[in-house]
There are 2 protein chains.
Amino acid sequence: MGVNESLRSRYMDILIEIARHGLGDEIKLSTSRLASGIGLSQQSASRLMKDMESKGMVSRKVFIDGQVVKLEKKGVDLLQKRYSELNSIFSRKKLKIKGELVSGLGEGRYYIGLKGYKKQFNNKLNFIPYAGTLNIRIDKKTGTRLQSIPNFIFIEGFSTKKRSFGGLKCAKAKIEHNGRQILAAVIKPFRTVHGDDVLEVIAPYFLREKLKLKDGDRIRIVV
Amino acid sequence: MGVNESLRSRYMDILIEIARHGLGDEIKLSTSRLASGIGLSQQSASRLMKDMESKGMVSRKVFIDGQVVKLEKKGVDLLQKRYSELNSIFSRKKLKIKGELVSGLGEGRYYIGLKGYKKQFNNKLNFIPYAGTLNIRIDKKTGTRLQSIPNFIFIEGFSTKKRSFGGLKCAKAKIEHNGRQILAAVIKPFRTVHGDDVLEVIAPYFLREKLKLKDGDRIRIVV
DNA sequence: ATTACTAGGTTGCGAGTAG
DNA sequence: TCTACTCGCAACCTAGTAA
């Protein structure tokens, strides 16, 4: 009896790749497209699909010019199980970050304005950020816990003819100030000029004006 | 890519197993305990841990009687990335609808006010709608996807002595406007005077006032 | 108890290719 | 194009065992 459990993790990649195209629907997904999605060869994708079909995770209709795939209950269950594992790992405690407003160098304004980022912000955060960032120097205590922010959203890097721009992580957040809560997001470039103690915040508004902020003001952010 | 991508999925199991014991902390986790957690032999667990250490996902302190492990940034990043993949899969049911506010004929106000509907709204949506609807003309692109709204709730029709009123479908939704999110619901009468491109929205408030809306304003709804 | 090396068997991979 | 077979070989596994 082969202990095929060792394949479970490979299957997970495929389940995710399929689910990405549609959770409950029949979707056209050729073995080669699947293969490039998971970084394997077409042949391996084909083999794995057959395996998973025989295990009841997916169902397929194979035609001469391609196949139509659908996630079955067992496959969805596996995804949900993994999702809830991760969910409990990143169990949502609202993280309260306190710090004070400091001056940036103005480069935030430049980066935020770039289409390559702006479009993704709009899609993934549901707002178009004002072209500028707030730089918050985080209090020492809360700073160290920052790494464990869950629900980070990944913004991909991109290239223009002239240069390339790195990716960044961001997370929806709320700024609390004088009893008001403003929708915002904290961003964390993969490569940054700031140390780990400075957090950049973007929002749909010019926050310095809207909240009448000045350098040194204490800010509270809930992530 | 520099990393051996084919191993990534095996690593994921281990990252989860470690994270289960603690995300930011150093934890004692012997190779045999890890092994039984992921369904592999002690030897494999040992080898994989070494691999992952060399790739910077985890750090270890190995003693004569065991090891102490800690997830490093790279490892946490991988977990978060997968978490957000799954998150977007299971929250993709969130349909984003964009459109612009148009004038209704005022009949919405009449229907919403009827007891036969109001009671059901309160029971099934958990709010008593303000007596009036927002009519949103949906952008062409998003409009066609409307049929696939999941989680539709059915509101039954009913009859009075004078006449009968038809049923409708509705779905909880959020209106996003200037960074604010307002609880609301979209409704879709089985028979309607509107074409398929007009969506009616109800909410516990008089939204035109609360959000200072006027005809032609762009509205975004998340279902 | 541990970690982890070696050795040898097994599994999975993908180039080539048929249908 | 597509799916999926064969097959050589690389990658991965675990039993045995040392430290």
Side-chain angles (χ1 to χ4, degrees), chain A residues 1-18 21-22 25-72 75 78, chain B residues 1-18 21-22 25-72 75 78:
Chain A
M1 225 34 187
V3 185
N4 280 342
E5 287 301 310
S6 67
L7 272 180
R8 247 191 36 182
S9 35
R10 209 69 43 106
Y11 291 155
M12 189 57 66
D13 291 340
I14 297 184
L15 291 171
I16 289 178
E17 189 60 29
I18 296 173
H21 290 80
D25 319 308
E26 293 196 323
I27 52 161
K28 274 201 72 165
L29 182 59
S30 73
T31 51
S32 43
R33 211 149 57 87
L34 173 62
S36 71
I38 56 173
L40 287 179
S41 67
Q42 176 270 321
Q43 290 88 337
S44 291
S46 174
R47 176 173 40 81
L48 289 164
M49 282 303 298
K50 284 188 61 183
D51 292 349
M52 292 170 70
E53 184 183 25
S54 76
K55 292 192 160 61
M57 300 177 193
V58 300
S59 61
R60 298 190 307 151
K61 287 172 189 156
V62 181
F63 303 103
I64 190 76
D65 66 336
Q67 62 179 353
V68 168
V69 211
K70 181 170 169 296
L71 282 177
E72 290 301 322
L78 278 170
Chain B
M1 298 278 173
V3 194
N4 187 346
E5 290 295 321
S6 69
L7 271 179
R8 250 191 38 174
S9 34
R10 208 71 42 108
Y11 291 156
M12 189 59 64
D13 292 340
I14 297 183
L15 290 172
I16 289 178
E17 190 59 30
I18 296 173
H21 291 79
D25 320 308
E26 294 196 324
I27 52 161
K28 274 201 74 165
L29 183 58
S30 74
T31 50
S32 43
R33 211 150 55 88
L34 174 62
S36 71
I38 57 175
L40 287 179
S41 67
Q42 175 272 321
Q43 291 88 337
S44 291
S46 172
R47 175 173 42 80
L48 289 165
M49 283 303 298
K50 285 187 63 182
D51 291 351
M52 292 171 70
E53 184 182 26
S54 77
K55 291 191 163 60
M57 299 176 192
V58 300
S59 61
R60 299 189 307 151
K61 287 172 190 155
V62 181
F63 303 104
I64 191 74
D65 65 336
Q67 63 179 355
V68 167
V69 211
K70 180 173 169 295
L71 281 178
E72 289 302 319
L78 278 169

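Nothing here was measured: the structure is a model prediction, and the numbers come from that model. A note on names: the letters A, B, ... follow the listed sequences, proteins ahead of strands, and every chain is numbered from 1.
- We find that CZ of B:Arg47 is positioned 14 Å from P of C:dT6, with the value rounded to whole Å.
- A:Arg33 comes within 4.0 angstrom of nothing in the nucleic acid, heavy atoms only.
- Distance from the side chain of A:Ser41 is smallest to C:dG14 among C:dG14, D:dT3, C:dC13.
- Side-chain atoms of B:Leu48 and B:Leu40, non-hydrogen and from C-beta on, do get closer than 4.5 Å to each other.
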Which atoms of nucleotides 17-19 of chain D (N or O only) lie under 3.5 Å from a protein N or O atom, and what are those distances?
none

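- The separation between A:Asp51 atom CG and D:dT3 atom C1' is 14 Å, rounded to whole Å.
- If you run side-chain hydrogen bond (donor to acceptor under 3.5 Å, both in side chains) between B:Ser59 and each of B:Lys70, B:Glu53, B:Glu72, B:Glu26, only B:Glu72 comes through.
- Listed nucleotides: C:dA4, D:dT3, D:dC13. Nearest to the side chain of A:Thr31: D:dT3.
- Between C:dT3, C:dG14, D:dA4, one nucleotide has an atom nearer to the side chain of A:Lys50 than all others, and that is D:dA4.
- Ranking C:dA4, D:dC13, D:dC2 by closeness to the A:Ser32 side chain, first place goes to D:dC2.
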Would B:Thr31 and B:Lys50 satisfy side chain to side chain contact (heavy atoms under 4.5 Å, CB included), going step by step from the backbone distance to the final call? CA-CA 11 Å; B:Thr31 50; B:Lys50 285 187 63 182; over 6 Å; no

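- Residue contacts shown for A:Ser30 are limited to sugar-phosphate atoms, with no base heavy atom under 4.0 Å away.
- A:Leu40 places its CG atom 16 Å from the P atom of D:dA4, with the value rounded to the nearest Å.
- Protein atom CG of A:Leu29 is 13 Å distant from nucleotide atom C1' of D:dT3, rounded to whole Å.
- Residue A:Asp65 contributes atom CG, which lies 14 Å from atom C1' of C:dG19 at whole-angstrom precision.
- When side chains are defined from C-beta on, B:Asp13 does not count as touching A:Met12, because their heavy atoms never get closer than 4.5 Å.
- Spacing between atom CZ of A:Phe63 and atom C1' of D:dC2 amounts to 12 Å, rounded to whole angstrom units.
- B:Ser44 comes within contact range of at least one nucleobase, with a heavy-atom separation under 4.0 Å.
- Taking 4.5 Å as the limit, every side-chain heavy atom of B:Glu17 sits out of range of all side-chain heavy atoms of B:Val69.
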